[in-house]
S.K.: 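Structure provided below as C-alpha cells; questions to follow.
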Amino acid sequence: MAYNFRNRNLLNTRGAYLGSSGSDSESQDDSDPDFLTPSRTPRRSTQNNTARAGGASSIRNLSGKRARGNGEEHRRGLRERHRRRRRFSQVPQAQISRRTVLSWLIGSGVIEEKEVVWYVAAQSGNILGEGKVNREGILCSCCSGQLTVEEFEVHSGLKTRKPYQHINLAGSQVSLLDCQTEAWEDKEEEERRTFNNIQPASKAVDRNDDACMVCADGGDLICCERCPSTFHPRCIFMEIIPQGDWLCPYCICKYCGNGNGNGLLMQCGGEPLDLMNPPVAFCGSSCRKIYEGLHNLLGSQNELHDGLTWTLLQRTDEPFTGSYEEEEYKRIQCNSKIAVAWLVMNECFLSTVDRHTRANIVQSIVYNRGSYVTRINYSGFYTAILEKNDEIISVASIRVHGKSLAEMPFIGTRGEYRRLGMAYVLENCIESILCSLKVEKLVIPSVSQLTGMWIDKYFFSRVQEERLVKELSLYNTVMFPSSVVRLHKNLAMLPDLNLSPQENEGHF
C-alpha cells in the first residue's frame, strides 16, 4: 500500500536551537502530544541538622581503620553522617568565579567555604598538611599560600596522584573523594544526567518522532517501520516515495542495503557506521580500534605548554566498588569534571532546548544522555576539557561515527580566557586524537558571524559538495536550524600541540 505522510506543520512551532529564549522551566504544553516523559518516583530528602565536631585524634584513628578495612560501607556511613551534620546551604554557581571540582563541591553545598581540611597519610594516619578550602583552592595554614588540590598534596610531602582521596574534612572526617561521590549522588545532579526517557503515550496512534532526523524540523515526514525516526524525503534525497513498509538509513546495512540486523554486516564485510551505542562485538577492526583508543584516553590528564592540560571525559554510571583503586578514582574524577564542564558550557551557550521533546541539548550532550528517540540519543558523546591550575577553561563535545567522520557540535571558552587561543589549543588536541585514530573528517556547525574565522584560521570548508551532503544525511549528527552553516575538515596530518596560546591570539 502507499505510504501515508504525517503532517506536523501545526505542532511544535515554539523554540529554537541557537539563541533560544526557551529554558527547561518553560511550559511543555506545545510538546508532542503523542510523546511523554514518564513520571518518576520522588526521592526523600535528607534533613541537615546539628553542628559538626571532630579533631585530629579522630582523623588519625579513622585513617588507621581505613588502612585496615577500606570498604564502601564504612565510607557510606561517613558520608551519611556528614550529610546529616551539614547545616550550610549551597552557594549559587553564578557567584563562583573559578570552575574547579573544589568550587563545584562548594557550590553544591557538600563542603563549606573556609572549612578546615587535613592531608592525611594513608598508612600512618598522620596529618601532613592543614588548610582551608575556598573557591580558589586551598589556603595553606603553614605558609598562607593559595594552592590547588594537587599542589596541596605535594606541599604536604607526597605525590600519590590521588589527592582527593587523602584530603579529609577536619570536622566530619570525610575525604574530598567521598564528597565528590556525595555531590554526584545529589538529586539535582542526578536529574541532569538521567536518561531522556521520551516514550510514546500509551494510547498514541502515531508512535514516531515529531521531527526530521536530518534537519530537525517538522512537516511532511516519512516514518521508519522499525524505529521512531522520521525524515523529509528531500533530506535523504528520496526521489520516489516507497510503497509499503520502509526502513530508515539507521536500520539497514550501509554496505548491502539489507535490513535484517547487524549479522549481515559481518557477512557483507561492512563495518558499523555509528559508535553512538558501543556494540559488544565489532564487525571490523577500525571501529574496534577507535572505540578502544577513545576508552583508553578517558580520564588521563595530558600535559601541554604553559601549565595547560587537556583530558577526555565521558560520564559513566558503573556502580562504585568501594575499592578506590586507580580505575575507580579516575571514574569519580571523570564524573565530577563532567559536572563542572556542564557549568562551563551553560555559561557559553544560551539554552538549547529541542522544541519537540523539550530535552536540553547541550546538557544531554555533555552528560552523554541516552534516549529511545534516536535523534536525541547522545550516549556516544565525549567531552574534551582544557584546564589550567585545576580550572576548566574550555570545553568541547565530540562524537565519532566510525572511521569516516567525527562531529564537534559545541566548543566554548570561559569569558576571561577568550581571544587567548584556548579553543584553538583544545581543538588541536581533538584533531590530534582523531588523526591518531585515523578518523577522516571532522564536521562542525557555525553561526554565520564565525564562519570566516573557522575557514581562515582553522582551515575548515563549507559542506557544499552533493556527495558529502548525501553522505552526512546517513549519520545521526546533531542538527541545527538552516541558518547555521555546516563545515568540514579533512584530517590529514597531526597538528602541532607545542604551539603556545600566545601564538594564536585572536581565536575565541
S.K.: How close do Tyr417 and Met422 get, heavy atom to heavy atom, and via which atoms?
M.R.: O-CG, 3.7 Å
S.K.: For the pair Asn346 (side chain) and Trp342 (backbone), establish whether a donor and an acceptor sit closer than 3.5 Å, ignoring hydrogens and angles.
M.R.: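 No: the side chain of Asn346 does not pair with the backbone of Trp342.
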S.K.: Between Lys187 and Glu190, does at least one N-O distance fall below 4.0 Å, as a salt bridge requires?
M.R.: no
S.K.: Between Asn196 (side chain only) and Asn377 (backbone N and O only), is there a donor and an acceptor less than 3.5 Å apart?
M.R.: no
S.K.: Got Ile138 and His155 here, is their nearest side-chain heavy-atom distance under 4.5 Å?
M.R.: no
S.K.: Which pair of non-hydrogen atoms, one from Arg399 and one from Gly380, has the smallest distance, and what is that distance?
M.R.: CG-O, 3.8 Å
S.K.: side-chain contact (heavy atoms from CB on, under 4.5 Å), that's the test. Do Gln314 and Phe381 meet it? Break it down for me.
M.R.: CA-CA 7 Å; Gln314 189 178 57; Phe381 267 98; 5.9 Å; no
S.K.: Please tell me if the side chains of Val400 and Leu294 come closer than 4.5 Å, counting only heavy atoms from C-beta onward.
M.R.: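 Counting from C-beta outward, Val400 and Leu294 do come under 4.5 Å.
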S.K.: Would you check if the side chain of Arg98 reaches a backbone N or O of Gly137 as a donor-acceptor pair within less than 3.5 Å?
M.R.: no
S.K.: With Tyr164, which residues qualify under ring pair (Phe, Tyr, Trp, His ring centres under 6.0 Å), at least two apart?
M.R.: none
S.K.: Quick one: does Leu437's side chain get under 4.5 Å of Lys289's, heavy atoms only?
M.R.: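 No; the side chains remain at least 4.5 Å from each other.
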S.K.: Give me the ring orientation class for Phe410 and Phe480: parallel if the planes are under 30° apart, tilted from 30 to 60°, perpendicular past 60°.
M.R.: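 Geometry flag for Phe480 against Phe410: perpendicular rings.
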S.K.: Got a donor-acceptor contact below 3.5 angstrom from the Arg369 side chain to the Thr194 backbone?
M.R.: yes
S.K.: Between the side chains of Arg192 and Glu188, is the shortest nitrogen-to-carboxylate-oxygen separation below 4.0 Å, so that they form an ion pair?
M.R.: yes
S.K.: Is it true that atom CD of Glu416 has more than 12 heavy atoms of other residues, nucleotides or ligands lying nearer than 6.0 Å?
M.R.: yes
S.K.: Would Ser397 and Met345 satisfy side-chain contact (heavy atoms from CB on, under 4.5 Å), going step by step from the backbone distance to the final call?
M.R.: CA-CA 10 Å; Ser397 299; Met345 281 291 206; 3.5 Å; yes
S.K.: Would you mind reporting whether Cys348 and Arg418 have side-chain heavy atoms less than 4.5 Å apart?
M.R.: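 The answer is yes, as the side chains (C-beta and beyond) meet within the 4.5 Å cut-off.
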S.K.: Using 4.0 Å as the upper bound for N to carboxylate O, is an ion pair formed by Lys388 and Glu391?
M.R.: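 Looking at Glu391 and Lys388, the cut-off is not met.
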S.K.: Once rounded to the nearest 0.5 Å, what's the spacing between atom CG of Leu169 and atom SG of Cys179?
M.R.: 4.0 Å
S.K.: Once you round to the nearest 0.5 Å, how far does CD of Glu427 lie from CG of Leu442?
M.R.: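 These two atoms lie 6.5 Å from each other.
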S.K.: Applying the side chain to side chain contact (heavy atoms under 4.5 Å, CB included) criterion to Arg99, which one of Val340, Val395, Ile385, Asp390 satisfies it?
M.R.: Val340
S.K.: Side-chain donor-acceptor pair under 3.5 Å between Glu151 and Asn389, yes or no?
M.R.: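 Per modelled atom types, Glu151 and Asn389 side chains form no pair under 3.5 Å.
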S.K.: Stepwise, does the side-chain contact (heavy atoms from CB on, under 4.5 Å) test hold for Lys489 with Trp454?
M.R.: CA-CA 10 Å; Lys489 182 177 185 178; Trp454 283 111; over 6 Å; no
S.K.: So, Ser364 side chain and Asn360 main chain: donor-acceptor pair closer than 3.5 Å or not?
M.R.: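 Here the side-chain-to-backbone pair exists.
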S.K.: List the steps, then state whether side chain to side chain donor-acceptor pair (under 3.5 Å) holds for Gln146 with Asn134.
M.R.: CA-CA 9 Å; Gln146 187 69 50; Asn134 55 48; 3.0 Å; yes
S.K.: Flag the pair Arg486 / Met479 as yes when at least one side-chain heavy-atom distance between them is below 4.5 Å, and no otherwise.
M.R.: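 Answer yes - side chains close enough.
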S.K.: Report yes or no: does Lys441 contribute a side-chain atom to a donor-acceptor pair with the main-chain N or O of His488 at less than 3.5 Å?
M.R.: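 Absent.
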S.K.: Counting distance only, does the side-chain N/O of Arg414 pair as donor-acceptor with the main-chain N or O of Ile393 below 3.5 Å?
M.R.: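 No; zero donor-acceptor contacts below 3.5 Å.
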S.K.: Is the Tyr378-Tyr367 ring centre distance short of 6.0 angstrom?
M.R.: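 Here the rings of Tyr367 and Tyr378 have centres that are no less than 6.0 Å from each other.
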S.K.: Go through the side-chain N and O atoms of Glu407 and His401 and say whether any donor and acceptor fall under 3.5 Å apart.
M.R.: yes
S.K.: Measure the shortest side-chain to side-chain distance between Leu312 and Ile398 over non-hydrogen atoms and say whether it is less than 4.5 angstrom.
M.R.: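 Sidechains of Ile398 and Leu312: in contact.
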S.K.: Against Leu176, only a single residue in Asn168, Leu102, Val110 fulfils side chain to side chain contact (heavy atoms under 4.5 Å, CB included); can you say which?
M.R.: Leu102
S.K.: Quick check: do Gln180 and Asn335 have side-chain heavy atoms less than 4.5 Å from each other?
M.R.: no
S.K.: Evaluate the criterion side-chain contact (heavy atoms from CB on, under 4.5 Å) for residue pair His305 and Val425; output intermediate values, then yes/no.
M.R.: CA-CA 10 Å; His305 43 72; Val425 173; 4.2 Å; yes
S.K.: Tell me if a side-chain donor or acceptor on Ser436 pairs with a main-chain N or O of Ile433 at a distance below 3.5 Å.
M.R.: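 Yes, the answer is positive, given that a donor and an acceptor are paired below the 3.5 Å cut-off.
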S.K.: Tyr291 vs His295 aromatic rings, parallel, tilted or perpendicular, using cut-offs 30° and 60°?
M.R.: parallel
S.K.: Quick one: do the Gln301 and Gln333 side chains pair a donor with an acceptor below 3.5 Å?
M.R.: no
S.K.: Looking at Asp306 and Leu308, would you say the former's side chain and the latter's main chain have a donor-acceptor pair under 3.5 Å?
M.R.: no
S.K.: What I'd like to find out is whether the side chain of Ile365 reaches to under 4.5 Å of the side chain of Pro409, using heavy atoms alone.
M.R.: yes
S.K.: Do Ser394 side-chain atoms and Gly412 backbone N/O form a donor-acceptor pair below 3.5 Å?
M.R.: yes
S.K.: So for atom NZ, which belongs to Lys330, do other residues, nucleotides or ligands contribute more than 12 heavy atoms lying within a distance under 6.0 Å?
M.R.: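 It does: Lys330 NZ has more than 12 such atoms within range.
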